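Note that the coordinates shown come from a computational prediction; the quantities given were computed from them, not determined experimentally.
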Number of protein chains: 2
Amino acid sequence: MSGAKSMSMELPLDQILRGECVETMRTLPSGSVDCVFADPPYNLQLRGELRRPDDSLVDGVDDDWDKFSDLQEYDRFTRAWLTEARRVLHKDGTIWVIGSYHNIFRIGAILQELGFWILNDIVWRKSNPMPNFRGRRFTNAHETLIWAARSEDSRYRFNYQAMKALNDDVQMRSDWYLPLCTGNERLRNEHGLKLHPTQKPESLLHRVLLASTTVDDVVLDPFTGTGTTPAMARRLRRRFIGIERHPDYVEAAMSRVARETPLADDAVVTTQDKREAPRVPFGSLVELGLLPVGTVLCDKKQRVNATVSPDGTLVSGTKRGSIHKLGAQLTNAPSCNGWTFWHFERNGEFLPLDVLRQESLDLAKTAAATAKAAAAG
Amino acid sequence: MSGAKSMSMELPLDQILRGECVETMRTLPSGSVDCVFADPPYNLQLRGELRRPDDSLVDGVDDDWDKFSDLQEYDRFTRAWLTEARRVLHKDGTIWVIGSYHNIFRIGAILQELGFWILNDIVWRKSNPMPNFRGRRFTNAHETLIWAARSEDSRYRFNYQAMKALNDDVQMRSDWYLPLCTGNERLRNEHGLKLHPTQKPESLLHRVLLASTTVDDVVLDPFTGTGTTPAMARRLRRRFIGIERHPDYVEAAMSRVARETPLADDAVVTTQDKREAPRVPFGSLVELGLLPVGTVLCDKKQRVNATVSPDGTLVSGTKRGSIHKLGAQLTNAPSCNGWTFWHFERNGEFLPLDVLRQESLDLAKTAAATAKAAAAG
DNA sequence: ACCCCACCTGAATCTGATA
DNA sequence: TTATCAGATTCAGGTGGGG
């Protein structure tokens, strides 16, 4: 199955090598690892300081390792480490690289140019992202992982059934909903400050390793940091090779790994992903055309009415607001459930908006069932 | 506001030009459009035909326009049309490009190389994606849109409040959950077969246009296809320029546009950003007598207070300054929004100055309406 | 033990008009 | 071009103290 381990060369297994990533990879034999997980610098290019609306300062990434003079230098760096990673990878191996819009397009383009074969782009949707404090863009609520085989004809590993099981017995999709690394999981120094600015959550690596490797596979992480990859590899009984430049991180990561207990033989697919509540923003009913812009809504006794705007707000005279806010305002109530307060006309009778909400959920459910049936054949 | 339309050149507005996209863009003047939405060919590398588990054939993308001999050719094509798009775009304009992992990394990298400034990458999560029939990858359940300004210093449009309203009054995130284009919305030929393999849903364009353009803005779609962009532009009272190579699509799109009814003046209005509201100098509230000289203001928790001067400054002890300056000074904050910081007493409760600002705007609006009625009567 | 609330934090390319 | 200043802007979740 996994070819790399059959080579049985003298690999520095279950170690974190201190050193530059390209140089250190050069010391590893070709075709010797089954999987690479890489979390390279993102080249964020942050400029001034950023403050929250309450004037508190955002603790941004200002480390030297994320500073590049320009795109060309970042591309050279990227091409260099991806070239080595490809050499070290077994012919049937796969690579994962995570990034944001700052760097992921560079990475993806270079991966393709080097002959990697992209299998999926995976979206890590953050359940608790940092908001956009200035209101100038959409909340940057996700990061992207690229999953690629070493080449077009690699016979790569994908544990389809394990992923399906992990996802309530429907195919695992390319969008993953996972929280950030916070709380106890986040490594901290003696002052309680985060040890590393970009520590990844264990749930992410758990899914990555479970999807694309098997027991005893060798996983290489060229940017190990605080060692999430080694820790999850040990827990899931994979072998790891870490590479990390900073001695403090090497030490922190190794003691973290030492605290991990490998799972027993029979323990495998256990973790469940956090299910999302099927929230329906009122605006989406408008976008979907279930409720045309300009529709006039009224309360049950038709004492007040309001018109639907393109952005999902309601307008009544000079007043504008969400279905809840405007309902409260027009009735002088402290609060109001707009879903039950506002009614629309259908076949001569007035129905609450809640009917439409339910219908939109049913639509989604039917579509999902159809897709599943098609998949089942 | 939107710079492009003020140029009033002879643009082929509200038309779909039949022709090759680069050539046709060359006929348009520089800086003449406010927004570009592009759904270019995806360079799908489907090797041979794809069959479902029941051996039925998947009607994939295999039209002539999607055949590119290799990555280099696709890059050349991409660079060519993006270069023209950038020339045609107003300096403060933005571009949207949608793609999948097959092409989006080429597009993103070239966008950056041409000097576009990426604002967000947006994930369109499909509520009803096609399942992965072979079980060899994750279900490809999303597509990616890149939203970018023409350059780093573009003062681009983002209708923050409208997006927030559309999402139940929390910031719109970078992941959008929308269904595929199916059912009645999908254009079909006389045999009931879909007219175009990749028709985009109207809900997607509704959100795109509502986020990044305003009424009468000019939107260019260089790969118009069945005309979802023109149709939504017409509905939302934006102007459009379409470009499409295939005469059948041009015809289908134009008759589709003709079936759209533009929203009425008052129906197309969305929640306004405060930045766009008319500016009210604090001093004018004093002049208008809405806030008498000598009134004592305090912060919400009544920890500091200050007195209103005739010139619209506040005085607190020996300190004097604008509502913003003094608020910042008294709280040792780098900045302060005096409108929300300072409160005045009315009927026993403390209200922020912002209430008075709104009231002065309402007064002005009422006065204008009265004047208009008098003139008409 | 439990609830409530105040406070803290996260890979962030985070203002714009006017003088 | 640069300096100045008005004023717009946050969500989910964890932690910890007090009642």
*Asks:* For atom C1', what is the distance between C:dC14 and D:dG7, given to the nearest Å?
*Replies:* 15 Å
*Asks:* Expressed as a whole number of angstroms, how long is the span from B:Asp153:CG to D:dT2:P?
*Replies:* 13 Å
*Asks:* Take atom CG of A:Asp62 and atom P of C:dG10, then tell me their distance rounded to the nearest Å.
*Replies:* 13 Å
*Asks:* Could you tell me how far apart A:Trp65 (CH2) and C:dA11 (P) are, to the nearest whole angstrom?
*Replies:* 10 Å
*Asks:* NA contact type, B:Arg173, heavy-atom cut-off 4.0 Å: base, sugar-phosphate, or nothing?
*Replies:* nothing
*Asks:* Distance check, C1' atoms only: C:dG16 and D:dT1, in whole angstrom units.
*Replies:* 16 Å
*Asks:* Applying a 4.0 Å non-hydrogen cut-off, can you work out what B:Gln171 is touching in the nucleic acid: base, sugar-phosphate, or nothing?
*Replies:* sugar-phosphate
*Asks:* Separation of A:His142 atom NE2 from D:dA12 atom P, in whole Å?
*Replies:* 18 Å
*Asks:* Would you tell me whether B:Thr313 and B:Arg320 have side-chain atoms, one donor and one acceptor, within less than 3.5 Å of each other?
*Replies:* yes
*Asks:* Treating primed atoms plus P, OP1 and OP2 as sugar-phosphate and everything else as base, which nucleotides of nucleotides 13-19 of chain C get B, S or - for protein heavy atoms under 4.0 Å?
*Replies:* BBSSS--
*Asks:* Tell me whether C:dT15 sits syn or anti, counting syn as a glycosidic angle within 90° of 0.
*Replies:* anti
*Asks:* What is the nucleic acid contact for B:Gln161, judged by heavy atoms within less than 4.0 Å: base, sugar-phosphate only, or nothing?
*Replies:* sugar-phosphate
*Asks:* C:dA1 and D:dG18: how far apart are their C1' atoms, nearest whole angstrom?
*Replies:* 14 Å
*Asks:* Want to settle it: does A:Arg51 or A:Thr182 sit nearer the 5' end of DNA chain D, counting the closest nucleotide to each?
*Replies:* A:Arg51
*Asks:* Return yes if a side-chain donor-acceptor contact under 3.5 Å exists between B:Thr94 and B:Arg150, otherwise no.
*Replies:* no
*Asks:* Considering every strand and a 4.0 Å limit on heavy-atom distances, what is the contact class for A:Pro40: base, sugar-phosphate, or nothing?
*Replies:* base
*Asks:* With no hydrogens and no angle check, just 3.5 Å: does a side-chain donor-acceptor pair link B:Asp362 and B:Gln358?
*Replies:* yes
*Asks:* Rounded to the nearest Å, what distance is computed from the CG atom of residue B:Leu326 to the C1' atom of nucleotide D:dC5?
*Replies:* 15 Å
*Asks:* Would you kindly check whether a donor in the side chain of A:Lys200 faces an acceptor in the base of C:dA11, or vice versa, at under 3.5 angstrom?
*Replies:* yes
*Asks:* Do A:Arg52 and A:Ser56 meet the criterion of a side-chain donor-acceptor pair at a distance under 3.5 Å?
*Replies:* yes
*Asks:* Is it the case that the ring center of A:Trp81 lies less than 6.0 angstrom away from the ring center of A:Phe223?
*Replies:* yes
*Asks:* Measure the distance from CG on A:Asp63 to P on C:dA11 and round it to the nearest whole Å.
*Replies:* 12 Å
*Asks:* Mapping B:Val170 and B:Ile323 to their closest nucleotides on DNA chain D, which lands nearer the 5' end?
*Replies:* B:Ile323
*Asks:* Rounded to the nearest Å, what distance is computed from the CD atom of residue B:Gln272 to the P atom of nucleotide D:dA8?
*Replies:* 12 Å
*Asks:* Mind checking if A:Asp39 touches a base, just sugar-phosphate, or nothing, with heavy atoms under 4.0 Å?
*Replies:* base
*Asks:* So do B:Thr270 and B:Gln161 actually touch side chain to side chain, heavy atoms under 4.5 Å?
*Replies:* no
*Asks:* Could you check whether B:Pro281 gets within reach of a base, just the sugar-phosphate, or nothing at all, counting any heavy atom under 4.0 Å?
*Replies:* nothing
*Asks:* If you pin B:Lys301 and A:Lys194 to their nearest nucleotides in DNA chain C, which one's is more 5'?
*Replies:* B:Lys301
*Asks:* For DNA chain C, produce a single dot-bracket line, 5' to 3'. Pairs: Watson-Crick or G-U wobble, both distances under 3.5 Å. Symbols: ( ) within strand, [ ] crossing, | other strand, . unpaired.
*Replies:* .|||||||||....|||||
*Asks:* Quick check on the 6.0 Å ring-centre criterion: do B:Phe350 and B:Phe344 meet it?
*Replies:* no
*Asks:* Is a donor-acceptor contact shorter than 3.5 angstrom present between the side chain of B:Ser335 and the base of D:dA8?
*Replies:* yes
*Asks:* Roughly, in whole Å, what's the span from CZ in A:Arg125 to P in D:dA12?
*Replies:* 13 Å
*Asks:* Considering only side-chain heavy atoms of A:Arg52, which listed nucleotide, D:dT9, D:dG7, D:dT10, is closest?
*Replies:* D:dT10
*Asks:* Below the 4.0 Å mark, does D:dA6 have OP1 or OP2 next to a side-chain nitrogen or oxygen of B:Ser322?
*Replies:* yes
*Asks:* Can you list everything that forms a ring pair (Phe, Tyr, Trp, His ring centres under 6.0 Å) with A:His196? Sequence neighbours excluded, please.
*Replies:* A:Trp65, A:Tyr249
*Asks:* For A:Trp124, which contact category applies under a 4.0 Å heavy-atom criterion: base, sugar-phosphate, or nothing?
*Replies:* nothing
*Asks:* I want to know whether B:Trp147 and A:Phe138 have ring centres closer than 6.0 Å.
*Replies:* yes
